[in-house]
J.: 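This is the structure, below, for whatever I ask next.
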Number of protein chains: 2
Amino acid sequence: MAISDTLKAISDPVRRQILELLRKQSYAAGEIASQFELKPATVSYHLKLLKEAGLITERKDKNFIYYDLNASVFEEVLSWIYSLKMGGEHDEQK
Amino acid sequence: MAISDTLKAISDPVRRQILELLRKQSYAAGEIASQFELKPATVSYHLKLLKEAGLITERKDKNFIYYDLNASVFEEVLSWIYSLKMGGEHDEQK
DNA sequence: ATTCTATTTAGAAAATAATCAAAATAGAGC
DNA sequence: GCTCTATTTTGATTATTTTCTAAATAGAAT
């Protein structure tokens with residue numbers, strides 16, 4: 001929920017690719033996992049981090065879990081970057 | 001120089017604070033180090049990563065090394081984020 | 001030239017993160 | 001109720017990152 005979690009989440013290339021996958025549509029965990037040369041458990045770990053950062057939401061249907069992108073979380077990152085670009089003030093971070 | 005390096009660089013809170021410090025003006029390595037409860041060698045390590053990511057530049061004067069922010073590197077990050085927000089196409093990453 | 005002062009580099013230790021295998025959960029379909 | 005199938009959780013292992021101490025560099029000042 002903090003900018004720290006967001007930036008940590010997108011610092012990993014696997015997690016960025018997951019977000020890119022979800023750009024257009026939802027996918028079930030298994031469909032996401034099949035895109036990588038990683039075990040489902042590993043992808044599940046990445047999904048958990050993305051979920052904790054608020055970058056994706058989950059939705060259960062049958063015994064599938066579908067994931068959706070939530071790009072609104074990026075607002076905080078954008079304003080942090082803008083504040084640097086503009087040399088203006090900005091909320092402190094802990 | 002790649003988006004991967006930029007995001008890795010800003011995923012660490014110490015490095016983000018360094019960038020925030022440099023938002024308004026340059027500081028010498030020692031002045032930066034004194035802002036943290038970390039040894040100068042450790043801060044130097046963070047400065048190296050920021051420099052490698054292109055987020056800061058260095059400039060020597062006397063026996064000091066001054067660092068400056070280079071926020072232009074964020075362009076790539078901004079366009080990646082926008083592409084997610086808009087659901088449009090975007091260059092693939094490796 | 002020797003001695004400060006500022007900073008980095010090298011190497012080791014500590015902390016964190018990513019991965020996997022195996023076990024656990026949960027719901028679907030018989 | 002069982003038995004699939006999809007997915008997550010747990011615990012262990014490996015890999016990466018952060019931090020430190022000690023040594024190295026470099027230029028300034030005596």
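Predicted model, so just to flag it, every value in this text is computed and none were measured. Residue numbering restarts at 1 for every chain, and letters A, B, ... go by the order of the sequence lines.
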J.: About how many Å separate CG of Leu55(B) and CG of Asn70(B), when rounded to the nearest 0.5 Å?
T.: 7.0 Å
J.: Over how many whole Å does the gap from Ile65(A) atom CD1 to dA26(C) atom C1' extend?
T.: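 Computing the Ile65(A):CD1 to dA26(C):C1' distance gives 9 Å.
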J.: Can you tell me how far the CD atom of Glu31(A) sits from the OH atom of Tyr67(A), to the nearest 0.5 Å?
T.: 12.5 Å
J.: Nearest whole Å is fine: how far is dT5(C) C1' from Tyr66(B) OH?
T.: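 Those two atoms, OH and C1', are 13 Å apart.
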J.: Rounded off to whole Å, could you give me the CD-to-C1' distance for the Glu31(B) and dT7(C) pair?
T.: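 That distance rounds to 13 Å.
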J.: Strictly distance-based, threshold 3.5 Å: is any side-chain N or O of Arg16(B) a donor or acceptor partner for the main-chain N or O of Ile10(B)?
T.: yes
J.: So Tyr67(A), base contact, sugar-phosphate only, or nothing? Heavy-atom distance under 4.0 Å.
T.: sugar-phosphate
J.: Does Gln35(A) have any side chain to side chain donor-acceptor pair (under 3.5 Å) partners at least two apart in sequence or in another chain, and if so, which?
T.: none
J.: How would you list, by chain and number, every residue that makes a side chain to side chain donor-acceptor pair (under 3.5 Å) with Asn63(B), sequence neighbours excluded?
T.: none
J.: Is there a side-chain contact between Ile18(A) and Phe36(A) (heavy atoms, below 4.5 Å)?
T.: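 Contact flag for Ile18(A)/Phe36(A) side chains = yes.
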J.: Measure from NZ on Lys62(B) to P on dC4(C) and round the result to the nearest Å.
T.: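 Interatomic distance, NZ of Lys62(B) to P of dC4(C): 17 Å.
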J.: Among all residues two or more places apart in sequence or in another chain, which pass the side chain to side chain donor-acceptor pair (under 3.5 Å) test with Lys51(A)?
T.: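 Residues passing side chain to side chain donor-acceptor pair (under 3.5 Å) with Lys51(A): Glu58(A).
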J.: Sequence neighbours left out, what passes side chain to side chain donor-acceptor pair (under 3.5 Å) with Ser11(A)? Give chain and number order.
T.: none
J.: Would you give a per-nucleotide map of nucleotides 12-20 of chain C, 5' to 3', where B means the base has a protein non-hydrogen atom under 4.0 Å away, S means only the sugar-phosphate does, and - means neither?
T.: -----SBBB
J.: So, the side chain of Ser26(B) versus the backbone of Leu22(B): is there a donor-acceptor pair under 3.5 Å, distance only?
T.: no
J.: Nearest whole angstrom, please: distance from the P of dT7(C) to the CG of Leu50(B).
T.: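 Those two atoms, CG and P, are 16 Å apart.
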J.: Ala33(A) near the nucleic acid: base, sugar-phosphate alone, or nothing, with a heavy-atom cut-off under 4.0 Å?
T.: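 Nothing: the residue Ala33(A), judged by heavy atoms under 4.0 Å, touches no strand.
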J.: Rounded to whole angstrom units, what separation is found between the CG atom of Asp61(B) and the P atom of dT5(C)?
T.: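 Value for this atom pair: 19 Å.
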J.: Just the endpoints, please: which first and last nucleotides of DNA chain D, 5' to 3', lie under 4.0 Å from a heavy atom of chain A?
T.: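 The protein-touched segment is dT5(D) to dT9(D).
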